[in-house]
Amino acid sequence: MTVLQGATVVLRPAVPEDVPALAAIRATPEVRARWRGGDDLAAEIAADLQDPDTRCLTVEDGRRIIGMIQWHAEEDPDYRHAGIDLFLDPAVHGRGLGTDAVRTLACHLIDVHGHHRLTIDPAADNAAAIRCYSKVGFRPVGIMRRYERGLDGSWHDGLLMDLLADEVVR
């Protein structure tokens, strides 16, 4: 995959040298509450980078690593689509960088990979993420009840959102 230039952010293939910075971001309480993880976040991220079914991109603002966006594809021709997931350093929240990252990747997946539909699945109570994805054109499909386990061990709802190629806000 090539380097993708957004309005502000740069998305580039994640490399092992990015792992310490990405693990530090994942360890922040705000990110860890959503992405969870065990005692060795660096090992988990390194394993993510090796997963052949997930493409991990480091998100940079300037030359500073501010997070990771990843995508996977369902290639069955009858169900073909791509899914996106993202985490950013809480220090940069509220600046539009997440929207820029999601929009940049969404346009790439539509324009270059030919996907007609994309999905994303924030926690149902993650209002900031839902606003971010909505700005790109994602729409709520429905609540996935007791979708993911939280840090406290209880189940929490997720919101399935999708975006059709002709709905992306460029």
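Heads up: numbering here begins at 1 and tracks the sequence.
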Asp157 side chain vs Arg146 backbone, donor-acceptor pair below 3.5 Å: yes
Atom pair CG/CD of Leu22 and Glu17 - distance to nearest 0.5 Å: 11.5 Å
If Ile, Leu, Val, Met, Phe, Trp and Tyr residues are connected whenever their side-chain heavy atoms lie under 4.5 Å apart, and connections chain through other members, are Trp71 and Phe138 in the same group? yes
Report yes if the side chains of Val59 and Leu11 come closer than 4.5 Å at any heavy-atom pair, otherwise no. yes
Results of side-chain contact (heavy atoms from CB on, under 4.5 Å) for Pro20 - residues two or more places apart only: none
Of Leu163, Ile110, Asp162, which meets side-chain contact (heavy atoms from CB on, under 4.5 Å) against Arg117? Asp162
Can you get from Ile130 to Val102 by hopping between Ile, Leu, Val, Met, Phe, Trp and Tyr side chains that sit under 4.5 Å apart? yes
Do Val92 and Arg64 touch side chain to side chain, with heavy atoms closer than 4.5 Å? yes
Taking Ile65 as the starting point, is it possible to reach Ile45 by hopping between hydrophobic residues whose side chains are less than 4.5 Å apart? yes
Pair His81-His115, side-chain donor/acceptor within less than 3.5 Å: no
Side chain to side chain contact (heavy atoms under 4.5 Å, CB included) assessment of Asp121 paired with Glu148: CA-CA 10 Å; Asp121 59 353; Glu148 62 185 353; over 6 Å; no
Distance (rounded to the nearest 0.5 Å) between His108 NE2 and Gln5 CD: 14.0 Å
Can you tell me how far apart CG (Asp48) and OG1 (Thr54) are? Round to the nearest 0.5 Å. 7.0 Å
At their closest point, which heavy atom of Ala129 faces which heavy atom of Pro122, and how far apart are they? CB-CB, 4.1 Å
Are Trp35 and Leu41 close enough, and set up right, to give a side chain to side chain contact (heavy atoms under 4.5 Å, CB included), and what steps lead you there? CA-CA 10 Å; Trp35 278 68; Leu41 293 174; over 6 Å; no
Verify the neighbour count for atom CG of Asp78: are there more than 12 heavy atoms of other residues, nucleotides or ligands below 6.0 Å? yes
Hey, are Asp125 and Arg34 close enough for a salt bridge, meaning a charged N less than 4.0 Å from a carboxylate O? yes
Quick check: closest heavy atoms across Leu109 and Ala82, and the distance to 0.1 Å? CD1-CB, 4.0 Å
So which heavy atom on Met68 is nearest to which on Leu49, and how close? SD-CD2, 4.4 Å
Between atom CG of Leu118 and atom CG of Leu105, what is the distance when rounded to the nearest 0.5 Å? 8.0 Å
Checking the side chain of Arg36 only, and the main-chain atoms of Arg149 only, is there a donor and an acceptor separated by less than 3.5 Å? yes
Output for pair (Thr58 OG1, Gln70 CD), nearest 0.5 Å, gives 11.0 Å
I'd like to know whether Arg170 forms a side chain to side chain contact (heavy atoms under 4.5 Å, CB included) with Asp111, so could you lay out the CA-CA distance, the side-chain angles of the two residues, the decisive distance to 0.1 Å, and finally the verdict. CA-CA 12 Å; Arg170 292 185 185 260; Asp111 298 343; 2.8 Å; yes
Taking all heavy atoms of Ile84 and all of Ile120, pick out the closest pair and write down the distance. O-CG1, 3.2 Å
Over all heavy atoms of both residues, which pair between Arg32 and Gly37 is shortest? Give the atoms and the distance, please. NH2-O, 2.9 Å
side-chain contact (heavy atoms from CB on, under 4.5 Å) filter on Glu75, not counting sequence neighbours, yields Ala73, Arg80
Find out if a path of hydrophobic residues (ILVMFWY) with successive side-chain heavy-atom gaps under 4.5 Å connects Leu86 to Val168. yes
Hydrophobic cluster membership, Val31 vs Leu97, 4.5 Å side-chain cutoff: no
Are any of the side-chain heavy atoms of Ile25 and Leu88 separated by less than 4.5 Å? no
Quick one: does Arg103's side chain have a donor or acceptor within less than 3.5 Å of a partner on Lys135's backbone? yes
Measure the spacing between CZ of Arg55 and NE2 of His113 and express it to the nearest 0.5 Å. 7.0 Å
Is there a side chain to side chain contact (heavy atoms under 4.5 Å, CB included) between Leu159 and Tyr133? Walk through the geometry before answering. CA-CA 11 Å; Leu159 176 65; Tyr133 307 148; over 6 Å; no
Any Asp18 side-chain heavy atom under 4.5 Å of Arg12 side chain: yes
For Thr8, is there any backbone N or O sitting under 3.5 Å from a side-chain donor or acceptor partner on Asp100? yes
Which heavy-atom pair separates Ala124 from Ile143 by the least distance, and what is that distance? CB-CD1, 3.9 Å
